Amino acid sequence: MEQTIQPRAVIVIFGATGDLAKRKLFPSIYRLYRSGKLDEHFAVIGLARRPWTDEVLRENVENSIQDALSPDEDLSEFISHFYYKSFDVTEKESYQGLNEIIQNLEGQYQTEGNRLFYLAMAPDFFGAIANQLNDYGLKNTSGWTRLVIEKPFGHDLPSAKKLNHELQAAFREDQIYRIDHYLGKEMVQNIEVIRFANGIFEHLWNNRFISNIQITSSETLGVEERARYYDTSGATRDMVQNHMLQMVALLAMEPPISLTTEEVRSEKIKVLRALRMMETNEIDDYFIRGQYGAGTVKGNSVIGYQDEDEQLENSRTETFVAGKLLIDNYRWAGVPFYIRTGKRMTEKSTKIVIEFKDIPMNLYYQKDDQRNPNLLVINIQPNEGITLCLNARKSGEGALAEPIQLAYHQNAVSGINTPEAYEKLIYDSMLGDATNFTHWDEVALSWQFVDKILENWSENQPAFPNYRSGSMGPEASDELLKKDGFHWWPI
Ligand SMILES: NC(=O)C1=CN([C@@H]2O[C@H](COP(=O)(O)OP(=O)(O)OC[C@H]3O[C@@H](n4cnc5c(N)ncnc54)[C@H](OP(=O)(O)O)[C@@H]3O)[C@@H](O)[C@H]2O)C=CC1
Ligand SMILES: O=C1O[C@H](COP(=O)(O)O)[C@@H](O)[C@H](O)[C@H]1O
């Protein structure tokens with residue numbers, strides 16, 4: 001039986017009173033503990049300005065994991081591993097006592113000097129925190145030291161470079177773990193396995209057999225409480241620069257020579273380098289943007305983006321983006337990769353559709369428009385699995401065919417809910433496996449690509465809002481595929 005590795009570490013969370021800590025980090029640490037991936041050799045220090053105590057943090061941790069608890073579960077042992085220190089990251093004095101607190105916990109929990117610094121705070125603080133950790137000797141330990149960085153990694157290529165420069169003045173690249181939580185999703189991790197462990201797919205995985213690839217990540221939620229951040233970001237920075245381009249890279253990369261972090265990253269980097277950079281005057285032919293107006297989502301009336309918050313009035317920020325990407329290499333020349341993502345759409349769903357080319361003459365369909373091309377659908381969320389769309393004889397109808405589906409549901413086979421993305425990524429970072437974190441080169445190439453689009457858009461005023469909440473985005477998104485003879489497959 002495979003032995004579960006139980007890494008030891010003190011985890012220091014900067015921003016422990018915030019939303020991410022409550023919704024993702026505490027529940028993930030709990031699940032790692034419950035599943036035996038963390039044993040007694042760990043401690044968590046929460047830092048933020050609020051004058052909380054250990055007890056208040058522990059109460060908050062307990063509240064954050066209520067949904068995951070079984071009746072009468074005793075949490076006292078688990079929450080006793082959590083400690084709180086009121087801390088202002090902008091004040092140097094705050095850092096002075098931190099080393100001593102960590103050292104005491106290292107002794108108490110025998111964590112072998114391993115330290116994971118998790119920056120769950122606004123990115124403006126990342127560089128300064130990394131530098132202070134260095135200056136105050138918090139990296140000088142007998143074990144490993146790693147820095148986990150939340151998104152967004154910069155606002156554009158120059159700001160990302162500046163941030164990277166600041167981080168690299170304090171930490172080596174192999175100590176920096178840039179989170180892209182999509183890389184922690186079970187079915188995103190499955191893309192490589194589906195491709196490289198199945199001859200029937202990998203042999204066909206190229207421009208001779210695939211006509212186009214579609215990636216949709218749609219959300220029903222609006223901007224919620226994040227208006228300030230989102231309005232300076234928009235869907236392109238928020239979703240395309242990171243999650244969508246990462247999925248493109250995984251779908252398009254060559255098989256790595258091994259599954260090491262370096263080899264996988266190196267193949268992804270090659271894809272990002274091969275992305276065709278559009279000329280400024282071509283961008284509107286390749287990328288379109290949208291912003292939601294009022295509408296109905298899942299039967300509920302909702303307001304438009306500009307009415308969500310006073311500061312969004314007359315906003316020109318895109319809440320939807322669709323684009324066509326071309327990858328100029330031997331395998332993919334001529335195959336469009338279509339992506340779309342947006343808020344307040346019909347469904348919450350992330351799906352990849354690989355559409356295979358038709359056979360030259362299909363004897364079983366009487367009209368061309370009745371043909372059903374073979375599709376491989378990778379369902380990332382909410383359902384996890386794959387569906388293969390084929391054609392089979394229509395029973396009792398002579399020489400006619402009809403579409404059928406072969407479906408695999410991940411949960412039905414594994415019998416348990418798959419681990420949450422953050423749970424896997426925290427565990428990986430503690431094990432020192434950076435494969436599912438983004439290398440600086442990936443971040444830089446992605447910014448280079450989206451900056452070009454954003455620069456072009458910043459020069460003209462879109463007529464927003466241009467799609468109804470509860471729809472699948474503006475009409476221009478459908479036009480983008482129609483002019484190539486394709487259409488979006490239903491999600
Ligand atoms: N929330 C989410 O779903 C997601 C968040 N992220 C990223 O995670 C990071 C955190 O986001 P989120 O939790 O939503 O943000 P919040 O605004 O909810 O939390 C920010 C945290 O920073 C602390 N903080 C602010 N200023 C200081 C300071 N000077 N010194 C010490 N602590 C400070 C706040 O605590 P206090 O006020 O007590 O000081 C709080 O704990 C961001 O980079 C975000 O982009 C990424 C993906 C999803
Ligand atoms: O990074 C982000 O992702 C979420 C969508 O993530 P998902 O796992 O629910 O698909 C998005 O809502 C958010 O705006 C963005 O910052």
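Residue numbers start at 1 and run along the sequence shown. As the structure lists them, so they are numbered: ligands from 1, and atoms in each ligand from 1. Note that these values count all heavy atoms, side chains included, but never hydrogens, waters or copies made by symmetry. These figures come from a predicted structure and were not determined experimentally.
The aromatic rings of His243 and Tyr182 sit parallel to each other, their planes meeting at less than 30°, with 60° as the upper class boundary. In this pair, Tyr305 and Tyr230 present their aromatic rings perpendicular. The plane angle is above 60°, beyond the 30 to 60° band. Aromatic ring pairs are classed by plane angle as parallel below 30°, tilted from 30° to 60° and perpendicular above 60°; the pair Tyr33 and Phe78 is tilted. Between Phe486 and Tyr338, the two ring planes are perpendicular [angle over 60°; tilted spans 30° to 60°].
Under 3.5 Å, the side chains of Tyr177 and Asp428 contain no donor-acceptor pair of N or O atoms. Judged purely by distance below 3.5 Å, without hydrogens or angles, the side chains of Asn242 and Arg178 never pair a donor atom with an acceptor atom. No hydrogens or angles considered: a donor-acceptor pair under 3.5 Å links the side chains of Tyr467 and Thr319. Side-chain contact annotation: Tyr118 with Glu150, donor-acceptor N/O pair under 3.5 Å present. Side-chain atoms of Trp489 and Glu355 include a donor-acceptor pair closer than 3.5 Å. A side-chain N or O of Lys268 and one of Gln246 form a donor-acceptor pair less than 3.5 Å apart. With no hydrogens or angles considered, a side-chain donor-acceptor pair links Ser477 and Trp488 at under 3.5 Å.
Annotation: atom 14 (O) of ligand 2 to nearest protein heavy atom, Asp238 OD2, 2.6 Å. Among protein heavy atoms, the minimum distance from atom 28 (C) of ligand 1 is reached at Arg49 CD, 3.5 Å. With respect to atom 24 (N) of ligand 1, the closest heavy atom belonging to the protein is Met121 CE, 3.6 Å. Nearest protein neighbour of atom 3 (O) of ligand 2, counting heavy atoms only, is His181 CE1, 3.4 Å. When hydrogens are left out, the protein atom nearest atom 45 (O) of ligand 1 is Lys151 O, 2.8 Å; that is the closest non-hydrogen contact. Among all protein heavy atoms, the one lying closest to atom 15 (O) of ligand 1 is Asp19 N, 4.5 Å. Regarding atom 4 (C) of ligand 1, its nearest protein heavy-atom neighbour is Leu20 CD1, 3.5 Å. Closest protein heavy atom to atom 30 (N) of ligand 1: Val89 N, 3.0 Å. Atom 12 (O) of ligand 2 has its closest protein heavy atom at Glu219 OE1, 2.7 Å. Among protein heavy atoms, atom 41 (O) of ligand 1 sits closest to Thr17 OG1, 2.7 Å. Protein heavy atom nearest atom 10 (O) of ligand 2, with residue, atom name and distance: Tyr182 OH, 2.5 Å. Among all protein heavy atoms, the one lying closest to atom 21 (C) of ligand 1 is Gly15 CA, 3.7 Å.
Across His181, Glu150, Lys24, Glu225, heavy-atom proximity to atom 8 (O) of ligand 1 is greatest for Glu150. Looking at Glu150, His243, Lys185, Lys348 and measuring to atom 8 (O) of ligand 2, the nearest heavy atom belongs to Lys185.
More than 12 heavy atoms of other residues, nucleotides or ligands lie within 6.0 Å of CD in Gln108, so this atom counts as buried by the packing criterion.
Set against the non-hydrogen atoms of Asp88, the atoms of ligand 1 under 4.0 Å away are 28 (C), 29 (N), 30 (N). Those atoms of ligand 1 that come under 4.0 Å of a heavy atom in Pro123, given as number and element, are 43 (O). Residue Arg50 has at least one heavy-atom neighbour below 4.0 Å for each of these atoms of ligand 1: 35 (O), 36 (P), 37 (O), 38 (O). Near Phe87, the atoms of ligand 1 lying under 4.0 angstrom from a non-hydrogen atom of the residue are 30 (N), 31 (C). Distances below 4.0 Å separate heavy atoms of Arg23 from the following atoms of ligand 1: 1 (N), 2 (C), 3 (O). Of all atoms in ligand 1, numbered sequentially from 1 with element shown, those under 4.0 Å from a heavy atom of Pro152 are 45 (O).
Of the N or O atoms in Ala21, none lie within a sub-3.5 Å distance of an N or O in ligand 1. On a distance-only criterion, Thr90 and ligand 1 share no N/O pair closer than 3.5 Å. Here's the thing with Lys151: one of its N/O atoms is less than 3.5 angstrom from an N/O atom of ligand 2. When only interatomic distances are considered, the shortest N/O to N/O separation between Ala48 and ligand 1 does not fall below 3.5 Å. Ligand 2 has no N or O atom lying under 3.5 Å from any N or O atom of Tyr229, backbone or side chain.
By the definition of a contact as any protein heavy atom under 4.0 Å away, atom 17 (O) of ligand 1 is not in contact.
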